[in-house]
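The block underneath contains the structure these notes are about, expressed in structure tokens.
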Amino acid sequence: MILPNTTQCFCSSGLNYAHCCEPLHIGSQQAANPEQLMRSRYSAYVTKNAKYVYHTYASEKKTENPIKEIKDFANSCRFVGLDVVSTNHDDSQGSVEFKAHYFYQNLYCELHEHSRFIKEDDKWRYIDGTILPVADIKVSRNDNCPCGSGKKYKKCHSV
Ligand SMILES: [Zn+2]
Ligand SMILES: [Zn+2]
């Protein structure tokens, strides 16, 4: 995907993509902490960069998260935004609590997760997370879009 370097980053950081997640996606930079890695993984889902999502799993988790499944999930969702709630880490492990918002079919979904990260070969990697249950919201064509745009769903995030 070729993007102008003024594109706002997909991870909702408010920074330009070129100064946020892109250097991680192209491999010119490594995530400095779990939050950066988590943001870059979210952005990779948005840009359907399944390979990046796969490669940033901890090695023990790679086989249970094949690229095809990552790709299928990314392709089935319309992503809206990310909120990082809290994060902390030491030299070798860390955690991030976040809320990711997306549409799946005509459902508005929130993934609220406590993620765990470790350092492998000096690189931050995602292990797994605990998902906190959040009810999906069913959206009809004439509803106001839950993304907050102020538009009707049918003129906004509808399929
Ligand atoms: Zn970003
Ligand atoms: Zn919308």
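Each ligand, and each atom within it, is numbered from 1 in the order the structure gives.
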Practice problem: Look at the side chain of Asn16 and the backbone N and O of Ala18, then say whether any donor-acceptor pair between them is shorter than 3.5 Å. | Solution: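 No, the answer is negative, given that no donor and acceptor are paired below the 3.5 Å cut-off.
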Quiz item: Do the non-hydrogen side-chain atoms of Val159 and Arg78 ever get within less than 4.5 Å of each other?
Solution: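 Of all side-chain heavy-atom pairs linking Arg78 with Val159, at least one is under 4.5 Å.
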Quiz prompt | Three-point angle Cys147:SG, the Zn ion (ligand 2), Cys145:SG, rounded to the nearest 10° | solution =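 My answer is 110°, to the nearest 10°.
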Quiz item: What N/O/S atom of His157 gets nearest to the Zn ion (ligand 2)?
Solution: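 Nearest N/O/S atom: ND1.
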Practice problem: Would you give the angle at the Zn ion (ligand 1) between Cys9 atom SG and Cys21 atom SG, to the nearest 10°? | Solution: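 Between SG of Cys9 and SG of Cys21, at the Zn ion (ligand 1), the angle is about 100°.
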Quiz item: What angle, in degrees and rounded to 10°, do you get at the Zn ion (ligand 1) when you join it to SG of Cys20 and to SG of Cys11?
Solution: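 An angle of 100° at the metal.
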Self-check item: Near-ring test Tyr102/Phe73, centroid separation under 6.0 angstrom
Solution: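 When the ring centroids of Phe73 and Tyr102 are compared, they turn out to be within the sub-6.0 Å range.
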Practice problem: Determine whether the side chains of Tyr17 and Ser43 contain a donor N or O and an acceptor N or O closer than 3.5 Å. | Solution: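 Judged by distance alone, the side chains do not pair up.
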